[in-house]
Amino acid sequence: MKRVMLRVAYDGTDYCGWQLQPGVPTIEGVLNEKLSELLGEEITVTGASRTDSGVHSLGNVAVFDTNTRIPAEKISYALNQRLPDDIVIQGSEEVAPDFHPRHCDSRKTYEYRILNREFPLPTERRDSYFTYRRLDVEAMKRAAEFIVGTHDFASFCSAHAQTETTVRTVYACTVEKTGDMICIRVTGAGFLYNMVRIIAGTLLEIGCGARQPDDMKTIIEACDRSAAGPTAPAHGLTMQKIEFEGDTL
């Protein structure tokens with residue numbers, strides 16, 4: 001028996017999120033099905049991040065146990081032959097038998113993309129949020145600085161989320177504009193349910209002038225979901241990567 005880790009990229013548009021759910025397509029469900037077919041045994045993957053319906057990824061992580069003789073690094077090639085075009089394995093490797101992607105220290109990076117121009121672009125519709133309202137990127141940058149650090153992020157957690165603590169550490173939160181595309185990039189040790197999308201929604205309000213950059217500090221201190229902005233739409237969010245100590249992929 002060996003444990004194999006996969007780096008998984010996917011367009012989440014046509015899936016009801018990562019986590020297995022009966023009767024609907026999910027990333028986890030497709031991976032379980034195709035791996036079981038490939039390896040000839042019942043496979044159940046464990047994901048590092050349970051991304052929501054419509055959210056994308058360039059590098060989510062999943063592990064599974066198998067008795068196959070196929071070298072771990074070759075599984076990615078064989079599996080990609082069976083997967084649909086909107087799910088592509090970026091690499092596979094054998095890891096320690098006790099490695100668990102949700103029970104070890106990691107750094108996760110998410111990016112929220114906003115297309116800010118007069119008219120939408122059809123080629124950007126699946127992985128960016130469109131708004132024609134001119135956004136003040138400098139104001140958004142100043143507000144993003146307050147997110148960095150260890151805080152109680154209760155204001156940025158969906159009301160019905162179940163978690164032992166709402167304290168999280170954010171290592172970086174940046175806002176950059178290239179052409180008509182604004183990218184909010186957040187790196188942290190872990191995130192609350194909808195946390196990055198609520199940060200993005202709040203920064204959008206600041207960019208529109210509905211709030212001031214310094215309001216972000218007050219919102220954090222409030223520890224109240226109603227103090228923050230709306231949850232930005234899922235399709236603008238992409239998990240960029242998850243980094244573990246000693247990564248080789």
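In what follows, every heavy atom counts, from backbone to side chain, and hydrogens, waters and symmetry copies are set aside.
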So which atom in [X] and which in [Y] form the shortest heavy-atom distance, rounded to 0.1 Å?
X      : Y      : result
Gly47  : Trp18  : CA-CZ2, 3.6 Å
Ser53  : Cys16  : OG-CA, 3.7 Å
Lys141 : Val175 : CE-O, 2.9 Å
Cys173 : Val148 : N-CG2, 3.7 Å
Pro122 : Arg125 : O-NH1, 2.8 Å
Tyr15  : Ile87  : OH-CD1, 3.6 Å

[atom2] on [Y] to [atom1] on [X], rounded to 0.5 Å:
X      : Y      : atom1 : atom2 : value
Ile199 : Ile147 : CD1   : CD1   : 4.5 Å
Leu31  : Thr44  : CG    : OG1   : 11.0 Å
Thr66  : Phe64  : OG1   : CZ    : 6.0 Å
Ile114 : Leu203 : CD1   : CG    : 7.5 Å
Leu121 : Thr123 : CG    : OG1   : 5.0 Å
Ile43  : Asn67  : CD1   : CG    : 8.0 Å

Examine distances only and state if a side-chain atom of [X] and a backbone atom of [Y] form a donor-acceptor pair shorter than 3.5 Å.
X      : Y      : value
Arg113 : Asp127 : yes
His235 : Val55  : no
Thr231 : Ile198 : no
Ser155 : Cys223 : yes
Asn194 : Phe156 : no
Asn116 : Asp180 : no
Thr238 : Gln240 : no
Arg211 : Cys208 : no
Ser92  : Ala72  : yes
Glu243 : Lys108 : no

Tyr112 six-ring centre to Arg185 NZ/CZ under 6.0 Å and within 45° of normal: no
If the threshold is 4.0 Å, N to carboxylate O, is there a salt bridge linking [X] and [Y]?
X      : Y      : answer
Asp98  : Arg3   : no
Arg126 : Asp86  : no
Glu28  : Arg50  : no
Glu37  : Arg82  : yes
Lys2   : Asp65  : no
Glu221 : Lys217 : yes

Pair Val8-Val61, side chain to side chain contact (heavy atoms under 4.5 Å, CB included): steps then yes or no: CA-CA 6 Å; Val8 190; Val61 168; over 6 Å; no
Can you find a pair of side-chain heavy atoms, one from [X] and one from [Y], that are under 4.5 Å apart?
X      : Y      : value
Asp136 : Met140 : no
Ile75  : Glu73  : no
His56  : Leu237 : no
Leu58  : Met239 : no
His151 : Val167 : no
Val186 : Val170 : yes
Pro230 : Glu205 : yes
Ile219 : Phe153 : no

Verdict with supporting geometry, Val196 and Ile184, side chain to side chain contact (heavy atoms under 4.5 Å, CB included): CA-CA 9 Å; Val196 178; Ile184 300 167; 6.0 Å; no
Working for salt bridge (charged side-chain N to carboxylate O under 4.0 Å, His left out), residues Arg7 and Glu93: CA-CA 9 Å; Arg7 296 280 185 182; Glu93 68 170 325; 5.8 Å; no
Phe99, CZ atom: more than 12 neighbouring heavy atoms under 6.0 Å: yes
ILVMFWY cluster, [X] and [Y] together (side-chain gap under 4.5 Å):
X      : Y      : value
Leu83  : Leu35  : yes
Phe146 : Val137 : yes
Phe191 : Ile220 : yes
Leu38  : Val4   : yes
Val63  : Phe244 : yes

Say whether [X] and [Y], considering side chains only, have a donor N or O and an acceptor N or O under 3.5 Å apart.
X      : Y      : result
Thr26  : Gln19  : no
Ser49  : Tyr110 : yes
Asp152 : Thr166 : yes
Thr51  : Tyr10  : yes
Arg197 : Thr202 : no

Verdict with reasoning, Thr150 to Arg168, per side chain to side chain contact (heavy atoms under 4.5 Å, CB included): CA-CA 6 Å; Thr150 301; Arg168 295 291 186 273; over 6 Å; no
Centroid separation Phe130 to Phe119 less than 6.0 Å: no
